[in-house]
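Written out below as structure tokens is the structure these notes cover.
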Amino acid sequence: MEIVLSAAIGVFAASGIWLLLRPRTFQVIIGLCLLSYAVNIFIFSMGRLTIGKPAIMPKGGWINAAEYADPLPQALVLTAIVISFATTALFLVVMIASKGLTGTDHVDGREPDRSGETK
Amino acid sequence: MIEQNLILILVLLPFLAAIAAATLPVNSHGAAAWVSGLSLAGGLVILITLYPQISEDEVVRSLVRWLPILSINLNFRMDGFAWMFTFIVLAIGILVVIYARFYLAKTDPVPRFYSFLMAFTGAMIGMLLSGNILMLVVFWELTSIMSFLLIGYWHQSQSARDGARMALIVTAGGGVALTVAMLVLGQIVGGYDLDLVLRSGEIITAHPLYPVVLVLFLIGAFTKSAQFPFHFWLPGAMAAPTPVSAYLHSATMVKMGVFLLIRFQPSLGATDLWFWLVCGIGMLTFTLGAVIALFRHDLKGLLAYSTISHLGLITALAGMGTEAAIIAAIFHICNHAAFKASLFMTAGIIDHETGTRDLRKLSGLRKALPVTCVLAVIASAAMAGVPLLNGFLSKEMFLTETMALHGGNVLDNALPWIAAFASIFSVAYSLRLVMEVFFGPEAKNLPNEHVHEPKHWMRFPVELLVAVCVVVGLLPWLADPILNVAGRAVLGPDMHDAHVAIWHGFNTPLMISIFALAAGAALWVTARGRINAGPEGPPVLYRIRAQKIYEWLLLRLTWVWPRALHRLFGTERLQTQLRLLVVLGICAAAVAVWGNLAPAQKRIGNELNPAFAIMWLVGGACAIGAAWQAKYHRFAALVLLGGAGLITCVTFAWFSAPDLAVTQLVVEIVTTVLLLLGLRWLPKRREEIAGDDLLISKARRGRDLIIAAIGGGGLAALAWVVMTRPLVPNIGDWFLRNAYYEGGGTNTVNVILVDFRAFDTYGEITVLAIVGLTVYALLRRFRPGSESIGAPEQQQGYAADRLENFMLIPSVIMRWMFPVTLVIAAYLFFRGHDLPGGGFSAGVTVAIGLLLQYIASNVRWIEARIIILPIRWMGFGLLIATATGIGAWLFGYPFLTAHARYLDVPLIGKVPMATAMAFDLGVFLAVVGATVLLLIAIAHQSLRAARLRELEEEKAEEKAAKQKGAA
């Protein structure tokens, strides 16, 4: 399982980074989403993969921590999901406002100069 | 105990007065002065009641614990030396307040002046009484800031602004050096307590870092005390109102540097390096200041350079470091404060009455200002070192010290000669000051024609200070007790008692004094005409002006060089910046894990489940597909992104994280809808982007692909290595054990979020609310791109009434689903503490429920039926969360401490009732508000676009009708 999940993280991250480096705003926002999935799973996997043992306990009594999933990465990722949602929303609005303002969806705010060195 | 409180009151009193003065009306001259004066007088009373203990060589302390872990406490201590200094600050402060009351014009906003002045006094006293060297630095920098504000008091004038900025940059820059010095010093001796540092002289001077500490320390002290080469800010600071100059730039603030030198002399001094640096710079400044002062035409400029010169004298004494030298330095600090403050005030009176400070214009004022003339003559004589005045006594002690042996090196041997040379100039400039202003023919063409004596109260401080000069000069034994107490505080209890006397017989120092008086007078008489005709500065030296060098450097440091660097390395292009950021991130991660990325010896792992592998095959394909299609086929990319998100969600569920799965699911839905709404304003790209298949573009994509592959591969390798290592026991175990007992919930993840780490969650919902408001604000003035104003492609070709029923069946279903969604949200909310769910997922669920209505029916229909005020939801959510947090204070717990218990509710049974639940309610409301606000703000744009469209159509129709009419 571990090898599949790490490969998955790699594929998500690579797609995300590639899109992040693209010139069009929509590509960047999709890249940001993919990268945040990759990072969320990465953080989550730091608590190791446990199957069938959620971090929910019976009421009272002594707890053997090894019997449960690590709650800390989960709490961190929960926060991360929320924040990445907020970031995406903000970026989306900036993106469409910038499109309306500049007339282009290039991340630099203007179409690249094709005559000389193109980047 | 009572002394402790007295010291605290002493420090706080000026700050309280500052606040009080700041709140007075703008023209309350009298009230502001009374408040300030009385608070300083109160301080003086406290000081006098403490004198019996101080005179017994006791150190009065007061300790308020603040950050004990970092050994930073509010720690005040007062010994004899600090007592004497505080006395000077308070006494001259009162005189300055009286003087300023009559000096400032009716139109000047006085509350600001007095409140700055009082805050400065407080900072100064705090610095003097600090028992902790870090606290000392804080107060030190505070005086820099207050001095900046005071110099720039008349901020309408360019020179005041420049002078203020220069003083701030130089002294606060020196403060930074001092901070570093103090930090290193604290590391060397193992604590920041002043007593500890003062005791550890031998450890410090033997330490290899001693030269570094010393140089940094001296930069701090020299910048404040205007020693060469940092002296130039002081003349610039003369743009300040004269009371400020008299207070800060003669008697108090500039003395802080020498205070520090004398205070730390026993622990940092007594080395050759100290002698050369401190004594050498001191003598150089003493000479340079005296020479330049003679050539200044501005009355206050002359006094400023004279102050620099006298500070150099005190610094030189601190550099010599013998018992007698320290006593002489302390004595000269007091004497200089008395005569220089009175001279500055006199200069202010002259300026006030005549309207000019130019020595070349002023002349013969002794008839118009007879009393002021007498006072100025006496004070100048004290400055020049004329016998029977206080300046003479300390100068004589200084000359005696220059003759004594301090190691016998070149500098030591040259000391008497330098002192004699500089003294000649001291006499000459003092003489020039008095003679030019008060004697000679009566001046004509003064800006103010009718020159007369000022109000008596304005002159009173000068009279008092001059009286002190004369009394101390005639009866020097009066100063003995205070000098000895202060000296013992610095040098230790073994100090020999010092006795100040006028007459020591015909010895060399007296000879030097007499020679200097004669030579100085001769110098002025012979060079008088040439000085007045010459430039503002000594013949050759005036061309080299430190201020010019400073300005040149400042311009380059703050403008020219940064801009050049920016041109060289900066880019405005976001794409380039993002690439740099990503590459830098990958490099940083690589450096951090370099050499540690080996797989563990004993690997753990779960059996591979084929279903999981197949699922991720799809997930990977989704991600790559999204990356592939995002440029031209945005909708497809969005769908694929949704697929990737769903696979992520299932993964969370698979690996025992139901909370994450639920949250991911709802957030995924909202994100997709959000992007869909956004797509409305980013129409489909049809044509190929020009130049997209050029070789250079392909090369660029290839490079980015390599970066992406390295980044992704690295993250994958890192994830695999960590995942296959056995889990070490960590803080997660603590949360698991304590979630039920401390947080009253069985869902540990939820308990962490709303109880253990509630403050993080609190910050998070605040961020969400801010994002909501930002989006709302950004979209209020939104103008869509020209190509997306028209009706979307899908709606074209239909009549408006047919569009109404376009999605009839889905909209009916969704209307039915609305209550169901709400019930699900409630379910998620209430079970959150014990089972997967919680305020956040419940909030997003409600938002989804509302959103579905918006999508299925149109905006107008839905808003005619449900009134949603998302900003209020958000506001109440934040308020409830905050109130829950503050509630803990009422019971004496820290912010956001939760209380949990189970309540027996009839019919329903045991219900977990924790205050965390109320907090979660706040989270719920804030999330609903923010999410709905976001989505509605974007959705409403369609309405506005439609309205724009209608308006344009109407215009077109009107135009057509007009044209028809015309035809």
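Residue numbers start from 1 in every chain, and the chains themselves are labelled A, B, ... in the order their sequence lines are given, proteins ahead of strands.
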Could you have a look at [options] and say which one has the most heavy-atom pairs with chain B under 4.5 angstrom?
options: A:Ile3, A:Val82, A:Val39; value: A:Val82
options: A:Leu49, A:Val93, A:Ile81; value: A:Leu49
options: A:Ile9, A:Val94, A:Leu92; value: A:Leu92

Flag for B:Asn747-B:Asp659: side-chain donor and acceptor within less than 3.5 Å
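Short answer, yes.
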If you count heavy-atom pairs within less than 4.5 Å of chain A, which of [options] leads?
options: B:Ala716, B:Gly732, B:Ser656, B:Gly619; value: B:Ser656
options: B:Ala637, B:Gly772, B:Ala719; value: B:Ala719
options: B:Gly711, B:Ala657, B:Gly678; value: B:Ala657
options: B:Ala937, B:Gly714, B:Pro726, B:Ala930; value: B:Pro726

Which atoms of [X] come close to chain B, meaning under 4.5 Å heavy atom to heavy atom: side chain ones, backbone ones, both, or neither?
X: A:Leu20; result: both
X: A:Ile29; result: side chain
X: A:Leu19; result: side chain

Under the side-chain hydrogen bond (donor to acceptor under 3.5 Å, both in side chains) test, residues paired with B:Asn606 that sit two or more places apart
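Result, side-chain hydrogen bond (donor to acceptor under 3.5 Å, both in side chains) vs B:Asn606: A:Glu2.
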Under 4.5 Å from any heavy atom of chain A, what part of B:Leu934 do you find: side chain, backbone, both or neither?
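Only the side chain of B:Leu934 comes within 4.5 Å of chain A.
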Given heavy-atom pairs under 4.5 angstrom as the criterion, report whether the side chain, backbone, both or neither of B:Trp616 touches chain A.
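Looking at B:Trp616, just its side chain touches chain A.
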For B:Trp734, does the CH2 atom have more than 12 heavy-atom neighbours from other residues, nucleotides or ligands under 6.0 Å away?
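Above 12, so yes.
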Under 6.0 Å between ring centres, would you say that holds for B:Tyr632 and A:Phe26?
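Aromatic pair excluded; centres sit 6.0 Å or further apart.
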